[in-house]
Amino acid sequence: MKLSKEQISNGIWILAIILILFTPIGFHLRVLTGKLFSGNAAVIAEDKRETLENYHWSLVDLDGNQLNFENTRGKVVLVNFWATWCPPCVAELPSMDRLHNAYKDKVVFAFVANDEKEKVQSFLARREFDLPVYFEASRTPDLLVSRSIPATFILDKSGAIVVREIGAAQWDSEETWELLDQLVAE
């Protein structure tokens, strides 16, 4: 049986789709695509911002220490929901790591993992990220709930949600640095 050029072409396309969907090659390709197509996070107009009133939220870090979110009241806070199995999350984490390194003494960062502790520890060690990762110990405040990840929220000192970004973004951009500088100075 002799294969036609069309059958060979179809076979190559099927093989490529299988590789993309079901192998680590596909995961890394989706991460690369996320990096290439992520832009800057959009700032919410002042008249459209919602203010977080409910700070009753408990988080637990990788060492088992509790973070009472109430203790972040009056500070600039960046909350990022992510997972190791999420290509857009993995795509934006290098820029998040650089942002965290630049602002960790000025902004409260909470990287809330939607994953197993061991997988998160292994992932962070492989990538050499030193991020403050937490797991939820109580229900997330309604204004911070998202059906998709990654989801990132930046709150100003009064609790107003200044950025609500669903999907990957480039977090170490000049625009984000300027925004954080402005929020910290207020």
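In this text, all values refer to a predicted model and were calculated from it rather than measured experimentally.
- Arg49 contributes atom CZ, which lies 14.5 Å from atom CZ of Arg164 (distance to the nearest 0.5 angstrom).
- For the pair Leu59 and Phe135, the minimum side-chain heavy-atom distance is 4.5 Å or more.
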**Item:** Stepwise side-chain contact (heavy atoms from CB on, under 4.5 Å) check, Leu155 with Leu144
**Value:** CA-CA 10 Å; Leu155 287 71; Leu144 301 180; 4.3 Å; yes
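- Environment of CZ in Arg139: sparse, with no more than 12 heavy atoms of neighbouring residues, nucleotides or ligands closer than 6.0 Å.
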**Request:** Tell me, with the steps shown, if Trp171 and Glu165 meet side-chain contact (heavy atoms from CB on, under 4.5 Å).
**Result:** CA-CA 10 Å; Trp171 290 101; Glu165 187 70 29; 3.9 Å; yes
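- Ile149 and Leu143 fall within a single hydrophobic cluster, where Ile, Leu, Val, Met, Phe, Trp and Tyr side chains are chained together by heavy-atom contacts under 4.5 Å.
- At least one donor-acceptor pair under 3.5 Å links the side chain of Ser138 to the backbone N or O of Ser58.
- Here the CG-CD distance, from Asp172 to Glu92, works out to 11.0 Å after rounding to the nearest 0.5 Å.
- Inter-residue side-chain proximity for Asn65 and Val60 is flagged as unmet; no heavy-atom pair is nearer than 4.5 Å.
- Looking at Ile161 and Thr51, their side chains never come closer than 4.5 Å, going by heavy atoms from C-beta outward.
- Side-chain contact annotation: Asn71 with Tyr55, donor-acceptor N/O pair under 3.5 Å absent.
- At most 12 heavy atoms of other shown residues, nucleotides or ligands fall within 6.0 angstrom of atom NZ in Lys106.
- Here the side chains of Val77 and Phe69 are in contact, with some heavy-atom distance below 4.5 Å.
- Contact record, Ala169 with Ala41: CB-N, 4.2 Å, taken as the closest heavy-atom pair.
- Across every non-hydrogen atom of Ala168 and Pro88, the tightest pair is CB-O, 3.5 Å.
- Here Asp61 contributes atom CG and Phe111 contributes atom CZ; the two are 14.0 Å apart, rounded to the nearest 0.5 Å.
- At least one side-chain heavy atom of Tyr134 sits under 4.5 Å from a side-chain heavy atom of Leu67.
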**Request:** Determine, step by step, whether Thr84 and Val90 satisfy the side-chain contact (heavy atoms from CB on, under 4.5 Å) criterion, reporting the C-alpha distance in whole Å, the side-chain angles of both residues, the deciding distance to 0.1 Å, and the verdict.
**Result:** CA-CA 7 Å; Thr84 62; Val90 173; 5.6 Å; no
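- For the atom pair CG (Leu180) and CG (Leu78), the distance works out to 7.0 Å, reported to the nearest 0.5 Å.
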**Asked** Run the side-chain contact (heavy atoms from CB on, under 4.5 Å) check on Asn80 and Phe153 step by step: do they pass?
**Response** CA-CA 6 Å; Asn80 174 263; Phe153 301 85; over 6 Å; no
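- Using a 4.5 Å heavy-atom threshold, the side chains of Asp97 and Asn101 count as touching.
- Under the 4.5 Å side-chain criterion, counting only non-hydrogen atoms from C-beta, Val108 is not in contact with Tyr103.
- Both Leu99 and Val184 belong to a common hydrophobic cluster when Ile, Leu, Val, Met, Phe, Trp and Tyr are linked at side-chain heavy-atom distances under 4.5 angstrom.
- Between Ala91 and Pro94, the closest heavy-atom pair is O-CD, 3.5 Å.
- No chain of hydrophobic side-chain contacts below 4.5 Å, direct or via other Ile, Leu, Val, Met, Phe, Trp or Tyr residues, connects Ile166 to Leu52.
- In terms of heavy-atom proximity, Val79 sits nearest to Val112 at CG1-CG2, 4.1 Å.
- A continuous path of hydrophobic side-chain contacts links Trp177 to Leu131 [ILVMFWY only; heavy atoms under 4.5 Å].
- Between Trp82 and Phe123, the gap from one ring centroid to the other is short of 6.0 Å.
- Taking a 6.0 Å sphere around CD of Glu174, one finds it holds 12 or fewer heavy atoms contributed by other residues, nucleotides or ligands.
- The closest side-chain heavy-atom distance from Val162 to Leu183 is below 4.5 Å.
- Taken from CD in Gln121 to CG in Asp115, the straight-line distance is 11.5 Å, to the nearest 0.5 Å.
- Taking a 6.0 Å sphere around CD of Gln66, one finds it holds more than 12 heavy atoms contributed by other residues, nucleotides or ligands.
- Heavy atoms of other residues, nucleotides or ligands lying less than 6.0 angstrom from CD of Glu46 number 12 at most.
- Note that CD of Glu186 is 8.0 Å distant from OG of Ser158, once rounded to the nearest 0.5 Å.
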